[in-house]
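Following: one structure in structure tokens, then a few remarks.
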Amino acid sequence: MNGDLGVALELFKVTKRFGAVTALEGVSLRVGAGERLAIVGPSGSGKTTLLRLVAGLERPDAGSIRLGGETVADARAGVWVPPERRRVGFVFQDGALFPHLTALGNVEFGLWRLPRRLRRRRALEALARVEALHLAERYPHELSGGEQQRVALARALAPEPQILLLDEPFAHLDEGLRRRLRGELKALLDALGTTALIVTHDPHEAQELGDRVARLERGRLKRLETAPTAPQLDDLPVAR
Ligand code: ADP
Ligand code: MG
């Protein structure tokens, strides 16, 4: 939550290669608890790879990752915590709702660990939080792009993750809608106080959604800009 001084996420000199391609090179960064860090960069700069590493969908070739004080990946020490044991919520680039499940079914899916009854209640609460309760019984094809994204957000938030990862949340929407949804998402994230790492290729989106903005270029973290509303300048990094 806001005001908490803890570090939610820390990457230390993380490198990830795919064969001859170095997708990320020596990336270090920190996200404070309750903070939103936006990472902006062109297509192919390593944004999705960065999120996948945090979620545990990729393993780093070098460096380490800490989530909420726990080391979840350390290439040298051989530490590895699998994705299902990391408390992260992931909103994928295209929303990626299951087409054969209702909005409620989609949100319940992320709560498979809970007993049935509790699962339903928690899923309804999550939908209510993103003001999508009225959409519970609809299937993805019956939802607008923006409504689908809200359901995807509810699905990511329902298990109460330590950190929310957003991968170009509005990439496939047209500009007018994007602008409106960006404002909606910002208001929602403000209200929830959720820690988040948001990647986008759109600098306006980064500025609006992030407390701080870092830039990724060809797998290297370039510089850190501070959004006007950012609370502190001193404690958070980053490009090394
Ligand atoms: P972005 O999300 O910024 O567009 P990505 O993280 O998807 O960038 O990709 C960064 C680089 O890594 C690109 O050159 C991409 O082609 C490469 N890459 C990503 N995933 C894989 C993979 N599974 N296999 C091979 N190359 C990959
Ligand atoms: Mg991407």
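Whatever order the structure lists them in is the order used to number ligands and atoms, beginning at 1. Only heavy atoms go into these numbers, but all of them, side chains included; no hydrogens, no water, no symmetry mates.
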Within 45° cone and under 6.0 Å: Arg119 NZ/CZ vs Trp112 ring: no

Charged tip of Arg52 within 45° of Phe90 ring normal and under 6.0 Å: no

Glu168 and Lys47 ion-paired at < 4.0 Å: yes

Nearest non-hydrogen protein atom, atom 19 (C) of ligand 1: Phe18 CE1, 3.4 Å

Gly44 near ligand 1 by a heavy-atom separation under 4.0 Å: yes

Arg179 with Glu175: basic N within carboxylate O range, under 4.0 Å: yes

Donor-acceptor under 3.5 Å (Arg138 side chain, Glu142 main chain): yes

Protein contact of atom 7 (O) of ligand 1 - nearest heavy atom, named by residue and atom, plus distance: Thr48 CB, 3.7 Å

Which residue and heavy atom of the protein sit nearest atom 12 (O) of ligand 1, plus the separation: Ala23 CB, 3.4 Å

N/O separation below 3.5 Å, Thr49 to ligand 1: yes

Charged N-O contact under 4.0 Å between Arg120 and Glu108: yes

N-O pairing of Glu184 and Arg182 below 4.0 Å: no

Closest protein heavy atom (residue, atom, distance) for atom 8 (O) of ligand 1: Gly46 N, 3.2 Å

Pro42: numbered ligand 1 atoms lying under 4.0 Å from its heavy atoms: 3 (O)

N or O pair under 3.5 Å between Ser45 and ligand 1: yes

Flag: protein heavy atom within less than 4.0 Å of atom 16 (O) of ligand 1: no

Carboxylate-amine/guanidinium proximity below 4.0 Å for Asp61 and Arg76: no

Contact atoms of ligand 1, heavy-atom distance to Val21 under 4.0 Å: 12 (O), 14 (O)

Pair Glu208 + Lys186: basic N to acidic O under 4.0 Å: no

The Mg ion (ligand 2) to nearest N/O/S of Thr48 below 2.8 Å: yes

Selected option - heavy-atom contact closest to atom 3 (O) of ligand 1, from Gln93, Arg52, Lys47: Lys47

Protein non-hydrogen atom below 4.0 angstrom of atom 25 (C) of ligand 1 present: yes

